[in-house]
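Below you'll find the structure, written out as structure tokens, and then a few comments.
No experiment lies behind these values; they were computed from the predicted model shown.
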Amino acid sequence: MSRRADSDETRATARPGREDGDRPDPPDPPDQPGRGGRPDRDDRDDRDDRGRTADADARPDQPGADAAAEPVRTEEAHITAARTGRALTTSALHAAATGADTFPAVLREALGRRGLSLERVSERLKARGITISQATLSSWQRGRSQPERARSLRAVDVLEEILDLPAGTLRSLLGPRRPRGRTTPPGAEGAALQILGEDSVVEKALGARFRHFNQETSSLMVHDIVRIGESGTMSGFSTTNVLRAGRAGADRALFVLSFDDEAAEPVDIRVTCGRLTEATYLKGLKSLVLEIHFGRKLAKLDTTVVSYAVEVSPSLTPATHYERWSRTNLHEYLQQVYFHPGALPVDCHRYVREKVGAPPRAQRRIPLGAAHDVHVLTSRCKPGVHGVAWEYGP
């Protein structure tokens with residue numbers, strides 16, 4: 001049961017009514033218990049992140065997600081994680097990918113290591129006479145805002161004590177003051193947030209990289225092939241994606257494949273067009289991050305084809321639908337689902353959601369073909385979530 005993200009994302013799942021989970025309190029990696037409040041009104045460098053309840057096992061970059069695993073070399077972390085099933089925290093994934101220590105990444109890492117929820121941290125700060133809301137802390141660890149006012153800087157000093165960090169660890173990572181006022185997220189991030197909502201699995205899996213998620217490219221055509229095994233569970237899927245560069249120099253793309261059932265994990269990954277440079281499985285998020293290089297730098301408006309296939313271990317429950325989300329208009333989207341002769345559905349239909357978690361609309365039955373398959377071809381595919389669902393008989 002799987003879902004995928006790049007500029008688009010897909011899922012096959014046994015729970016068609018559920019999407020990327022509810023939002024955790026403060027939207028960030030290490031913690032989710034509780035609900036986030038509004039940022040402090042008198043601290044204008046803070047942003048307002050509304051909280052929501054999260055699935056207990058939906059985010060790996062939180063306590064219990066192997067945050068204490070020994071460091072590994074960048075190349076090894078990316079390629080071996082998917083094949084060994086080893087889970088990395090989001091902050092560790094980002095550090096491996098960039099080699100950079102930033103204030104948000106170090107804060108997330110420290111929170112995860114200490115196993116403290118943002119609610120607890122906020123309470124401890126309040127006990128020291130400093131009022132900082134959960135939403136403000138969340139905004140800091142996501143890089144949406146940074147401490148700048150005197151009160152916030154005092155909070156950073158106390159945070160270093162609470163998180164057992166050497167004095168000055170967090171302070172030294174603060175950048176120059178940012179412009180005041182609320183800003184609109186840049187193109188790629190803003191478009192993805194409109195479809196995914198805040199604190200999605202994709203954002204959690206990519207961490208700081210979500211801000212520039214495939215900003216240099218957009219998908220023109222996508223072809224998904226899903227295979228359902230005899231037990232009704234997904235056995236694998238493949239994707240061919242035609243990408244166009246929005247600017248000169250684009251040379252790679254990110255894809256996030258998510259699985260609803262923790263028993264369903266990637267067991268083999270094959271890239272037939274492009275070169276696989278990262279394959280990291282985040283067990284706590286039930287997500288696989290792939291980075292695929294094009295093999296050359298694209299000129300502006302140049303196109304390239306990326307193709308990959310993933311074999312999946314059996315899940316605990318049968319899959320009942322498969323979805324792809326897209327943040328941009330697709331010229332064409334072809335979705336095919338092949339069923340094992342011993343696990344044929346009694347009904348199949350297509351549907352569209354305006355965004356993740358929205359109710360399905362434009363539902364229409366689709367017939368089962370001679371090859372035990374169904375397909376949906378959509379031209380001028382608008383941004384949103386596009387899926388196929390099926391039902392089994394008694």
Side-chain angles (χ1 to χ4, degrees), residues 1-6 9-15 18-24 27-33 54-97 105 108-109 111-115 117 196 199-210 233-237 254-269 276-291 308 310-317 319:
M1 310 197 266
S2 147
R3 156 200 274 182
R4 173 169 336 118
D6 38 32
E9 171 180 89
T10 48
R11 159 183 291 182
T13 173
R15 294 180 298 281
R18 277 242 356 146
E19 292 302 328
D20 271 340
D22 304 297
R23 274 194 283 177
D28 261 321
D31 308 288
Q32 31 200 61
D55 296 334
D57 61 348
R59 312 287 189 260
D61 30 17
Q62 311 196 357
D66 201 12
E70 73 275 7
V72 292
R73 290 173 46 196
T74 300
E75 303 81 19
E76 294 172 348
H78 289 170
I79 302 302
T80 63
R83 301 185 184 283
T84 63
R86 177 179 180 182
L88 302 179
T89 62
T90 296
S91 55
L93 171 60
H94 178 57
R108 289 196 302 268
E109 173 87 21
L111 287 166
R113 176 173 46 80
R114 292 280 288 139
S117 70
L196 296 172
D199 242 9
S200 66
V201 169
V202 179
E203 185 173 1
K204 291 291 187 181
L206 294 178
R209 292 188 291 178
F210 181 77
T233 63
M234 178 186 294
S235 59
F237 54 85
L254 284 168
F255 304 87
V256 181
L257 326 180
S258 299
F259 305 84
D260 290 320
D261 192 321
E262 60 186 14
E265 297 184 356
V267 295
D268 187 49
I269 303 163
L276 181 65
T277 54
E278 174 183 342
T280 304
Y281 182 60
L282 303 167
K283 191 175 181 65
L285 273 179
K286 297 174 284 187
S287 295
L288 171 66
V289 177
L290 301 180
E291 181 181 80
Y308 57 86
V310 179
E311 184 182 337
V312 182
S313 61
S315 58
L316 297 176
T317 54

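- Of all non-hydrogen atoms in A279 and L288, the two that sit nearest each other are C-CD1, 4.2 Å.
- The closest side-chain donor-acceptor pair between S313 and E265, if any, does not fall under 3.5 angstrom.
- Pairing each heavy atom of A208 with each of R108, the nearest pair is N-NH2, 4.3 Å.
- Distance CZ/F255 to CD/E291: 10.0 Å, rounded to 0.5 Å.
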Working note: Y308 + L276, criterion side-chain contact (heavy atoms from CB on, under 4.5 Å); need CA distance, chi angles, decisive distance, verdict. CA-CA 9 Å; Y308 57 86; L276 181 65; over 6 Å; no
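- Heavy-atom minimum distance, A264 versus Y281: O-OH, 4.0 Å.
- Minimum heavy-atom separation, V289 to R209: CG1-NH2, 3.9 Å.
- Minimum interatomic distance between V310 and P266 (heavy atoms only, all atoms of both residues): CG1-CB, 3.8 Å.
- Judged purely by atom type and a 3.5 angstrom limit, S287 has no side-chain atom pairing as donor or acceptor with the backbone of L282.
- Residues S315 and T233 approach most closely at OG-CG2, 3.1 Å, considering heavy atoms.
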